[in-house]
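Inspection log for the structure reproduced underneath, given as structure tokens.
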Amino acid sequence: MTTTAPSTRSRRRGDRSTDGPDILCDNLVRIYRAEGLEVVALQGLDLQVAAGELVALVGASGSGKSTLLGILSGLDTPTAGLARVAGHDLGSMAGRERLAYRRRTVGFLFQQAAANLLPYLTAAENVELPMMLAGVRAGERASRARATLEVLGIPDCGDRRPGELSGGQQQRVALGVAVANRPRVLLADEPTGELDSRSSDEVFEAIRRANTEFGTTVLVVTHDALVSEQVARTVGIRDGRTSTEVLRRDEVGADGALGRVAEEYAVLDRAGRLQLPRAFTSALEMRDRVRLGLEADHIAVRPTEPAARPDAEEER
Ligand code: ADP
Ligand code: MG
């Protein structure tokens, strides 16, 4: 027999008091099956995002980014492995918890801003709508909508309808809708993909403001190198797995000036797996198997056979 201990974790207001990372994926697998065909979209993905972090997710088209966000948003379920957000286990979550989770714990932002907005409501009314569904009182709704639009840099847009706003403004209103209930986690899938570079900057600045002002943990998928260069941590995804991480920090250089330092790492998972960059493996014609050697301070990876032809022959 098992005894159920009373939960010490608060489940209110986006579960702010749970311990551990806000996003935790361990060996996450998602297989799509259609007409006898199998697509392994996520193949053992590992990811941790701490509370309050802002992380950019980058990767080629088809690498599994949207699949990951679909699972984290509670729309889709994993085939195997663990996905946990703010203490919610997304593999085992039942209908009612799933609904509350989608309403309060996570907010989402997609590429098409208009898809997130009702055209006949003003910007402020759009932002109030999710609060209404969550049972927030009218006075509180209005003041929170105003505060939200102000933080996102569009304080004068409250009375305008989506059709009267620019693309960048629309996307920031959509962001306002996403964070209206102050979710613990914001998931954004290429939110600046359809915008010109100036609007894109404004939207990304608004996402950063939501991160710092509301304390929202953010995971944002982006193709925009300028965007990913601004964040402290970029996670690269390749073939359904996290493969690299770039960490950036500000440092005082030899000339005394403050500069951004970026360092790239390969991700080593708990089973000891890592992905070697394709540029490296193809340069040394590594395929199928390699030789490993443990050195004093590093691990050497060598091709199994010497290069087929000596260089001298190549040059003839
Ligand atoms: P990304 O967002 O990085 O471009 P996706 O997560 O959309 O990648 O897709 C990952 C892989 O899964 C791709 O090979 C894609 O074709 C496949 N895929 C995505 N959604 C489905 C689906 N509903 N049914 C079958 N295959 C899918
Ligand atoms: Mg996608």
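All ligand and atom numbering here is 1-based and tracks the order in the structure.
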* Going through the distances and angles, do Arg208 and Glu205 end up as a salt bridge (Lys or Arg N to Asp or Glu O under 4.0 Å)? -> CA-CA 5 Å; Arg208 284 150 79 87; Glu205 180 54 29; 3.7 Å; yes
Using the salt bridge (Lys or Arg N to Asp or Glu O under 4.0 Å) rule, take Arg30 and Asp76 through it: C-alpha gap first, then chi angles, then the decisive distance, then the call. CA-CA 9 Å; Arg30 176 67 170 99; Asp76 189 17; 2.8 Å; yes
**salt bridge (Lys or Arg N to Asp or Glu O under 4.0 Å) evaluation trace for Arg278 with Asp239** = CA-CA 12 Å; Arg278 254 179 217 138; Asp239 299 336; 3.0 Å; yes
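In terms of protein heavy-atom proximity, atom 14 (O) of ligand 1 is nearest to Val39 CG1, 3.8 Å. Nearest non-hydrogen protein atom to atom 5 (P) of ligand 1 is Thr67 OG1, 3.7 Å. Residue, atom and distance of the protein heavy atom nearest to atom 26 (N) of ligand 1 are Tyr32 CD1, 3.4 Å.
Using a cut-off of 4.0 Å between Lys/Arg side-chain N and Asp/Glu carboxylate O, Arg161 and Glu125 are scored as not salt-bridged.
At least one N/O/S atom of Ser66, whether from backbone or side chain, sits less than 2.8 Å from the Mg ion (ligand 2).
Under a 3.5 Å cut-off, the side chain of Arg160 and the backbone N or O of Leu165 do not form any donor-acceptor pair.
Under 4.0 Å from ligand 1, the heavy atoms of Ala60 that appear belong solely to its backbone.
In this structure, Ser63 is part of the shell of residues with a heavy atom less than 4.0 angstrom from ligand 1.
Checking Ser66 against Asp189 by side-chain atom types alone, a donor-acceptor pair falls below 3.5 Å.
Counting protein heavy atoms under 4.0 angstrom from atom 24 (N) of ligand 1 gives one or more. Within a 4.0 Å radius of atom 11 (C) of ligand 1, the protein has at least one heavy atom.
Among Gly70, Gly62, Gly240, the residue whose heavy atom lies nearest to atom 1 (P) of ligand 1 is Gly62.
Around the OH atom of Tyr32, the shell of radius 6.0 Å holds more than 12 heavy atoms that belong to other residues, nucleotides or ligands.
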